[in-house]
Amino acid sequence: MPEPLFGLKHIFGIGHMTRQQIESLVNMGDDFIDLNTRDLRKASTLKGKTVINLFFENSTRTRTSFEIAGKRLSADVINISASTSATKKGESLLDTGQTLAAMNPHVLVIRHSVAGTCEFLSEYLKNTALINAGDGSHEHPTQILTDLLTLKRSVGDIQGKTMTIVGDITNSRVARSHMLAAKIMGYKVRIVAPKTLLPSQVERYGCEVFYNFDEALQGTDILYMLRVQTERMTTNCYFPSVREYHEAYGLNRKRLKAAGDHCMVMHPGPMNRGVEISSDVADSMESLVLKQVEHGVAVRMAALTALCGGGEPS
Ligand code: NCD
């Protein structure tokens with residue numbers, strides 16, 4: 001078995017990675033972008049490799065982009081969702097993991113509602129590389145690599161830039177992974193949220209915290225909007241109403257203008273238009289949302305290739 005590239009046996013989270021590993025994956029993703037737009041979108045890089053996508057939570061972008069990434073590189077890709085897996089019959093996560101690993105896939109891509117799922121499974125599945133495709137509110141490393149590639153392409157060097165992340169910080173694995181990435185990569189993160197949607201001790205990440213969105217706009221280079229993750233909430237008391245949330249924490253044209261002409265807009269998707277973002281901003285020239293989706297495929301090609309110890313893009 002070839003050694004994984006960049007010393008990456010698994011991809012658990014940004015918090016487990018070095019700056020060099022992050023840069024290597026982003027740069028490799030950059031090299032894959034062309035393959036995704038040319039007429040024949042196929043290379044033999046991962047021929048003979050097997051990738052299983054095991055998703056216990058809903059997904060459109062992440063699951064599909066891992067599938068397309070694997071298939072464009074000629075891997076055999078199998079998708080399993082929780083609703084059709086034997087976990088519905090009472091099988092444990094460990095038994096499901098061990099069962100799939102016994103079929104000898106090279107990579108298992110896992111999304112689960114529990115933090116640390118991949119680390120836990122890695123203790124038992126010794127011959128399978130694992131990629132965390134989102135574990136509860138903990139981490140979402142390939143989304144951050146996707147965002148960094150998108151920023152590299154549209155903003156250039158992110159060093160010293162300010163990203164303002166707005167919304168449901170408590171439940172967002174994307175926010176958490178960005179807070180970790182910012183320290184490693186040298187960008188600044190501002191957090192904007194109502195107190196009810198802020199994790200305790202958020203300051204330990206070294207971010208500036210704002211409760212008033214308008215106060216955080218000046219000096220922002222990237223406005224990163226988050227969906228309110230009602231599926232992780234236990235009550236509906238986090239804010240008075242959707243209308244009031246949009247008033248206080250929604251991104252509209254006026255706020256984007258106040259941030260300045262250079263300011264770009266990001267969102268990991270899915271967007272709730274009219275809640276955290278208005279349609280005129282979501283569809284604006286400043287919006288990088290669909291670029292994030294496009295680059296998600298390229299970055300996942302890089303992630304799969306690295307873990308498989310695969311060759312250069314062709
Ligand atoms: C995010 C996720 O699942 O964490 N979406 C994604 O992967 N693109 C954010 C969200 O669900 O709101």
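Just so we're clear, the structure is a prediction, and the values are computed from it rather than from any experiment. Start at 1 and go down the list; that is how both ligands and their atoms are numbered.
- Counting heavy atoms from C-beta outward, Arg255 and Phe213 have side chains that approach closer than 4.5 Å.
- Nearest protein heavy-atom neighbour of atom 8 (N) of ligand 1: Pro268 O, 2.8 Å.
- Counting only heavy atoms of the protein, atom 12 (O) of ligand 1 lies nearest to Arg227 NE, 2.8 Å.
- Ligand 1 has a nitrogen or oxygen under 3.5 angstrom from a nitrogen or oxygen of Thr62.
- Here the two rings, on Tyr224 and His178, have centers that are under 6.0 Å apart.
- Atom 6 (C) of ligand 1 has Gly269 O, 3.6 Å as its closest protein atom, hydrogens excluded (heavy atom only).
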Side chains of residues 98-107: which donor-acceptor pairs under 3.5 Å do they make with residues two or more places apart or in other chains?
from   : atom 1 : to    : atom 2 : distance (Å)
Thr99  : OG1    : Asp95 : O      : 2.6
His106 : ND1    : Thr50 : N      : 3.0

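- Applying the ring pair (Phe, Tyr, Trp, His ring centres under 6.0 Å) test to every pair with at least one member in residues 42-91, sequence neighbours left out, gives these pairs: Phe56-His112.
- Using a 4.0 Å heavy-atom cutoff, Pro270 is listed among the residues neighbouring ligand 1.
- For atom 3 (O) of ligand 1, the closest non-hydrogen atom on the protein side is Arg173 NH2, 2.9 Å.
- The closest donor-acceptor contact from the side chain of Asn132 to the backbone of Phe12 lies under 3.5 Å.
- Distances shorter than 4.0 angstrom do not occur between any heavy atom of Glu57 and any atom of ligand 1.
- When each atom of ligand 1 is checked for a heavy atom of Gln229 under 4.0 Å away, the hits are 10 (C), 12 (O).
- Atom OG of Ser177 sits about 3.5 Å away from atom CD of Glu139, to the nearest 0.5 Å.
- Against a heavy-atom cut-off of under 4.0 Å, His140 is close to the following atoms of ligand 1: 2 (C), 4 (O), 6 (C), 7 (O).
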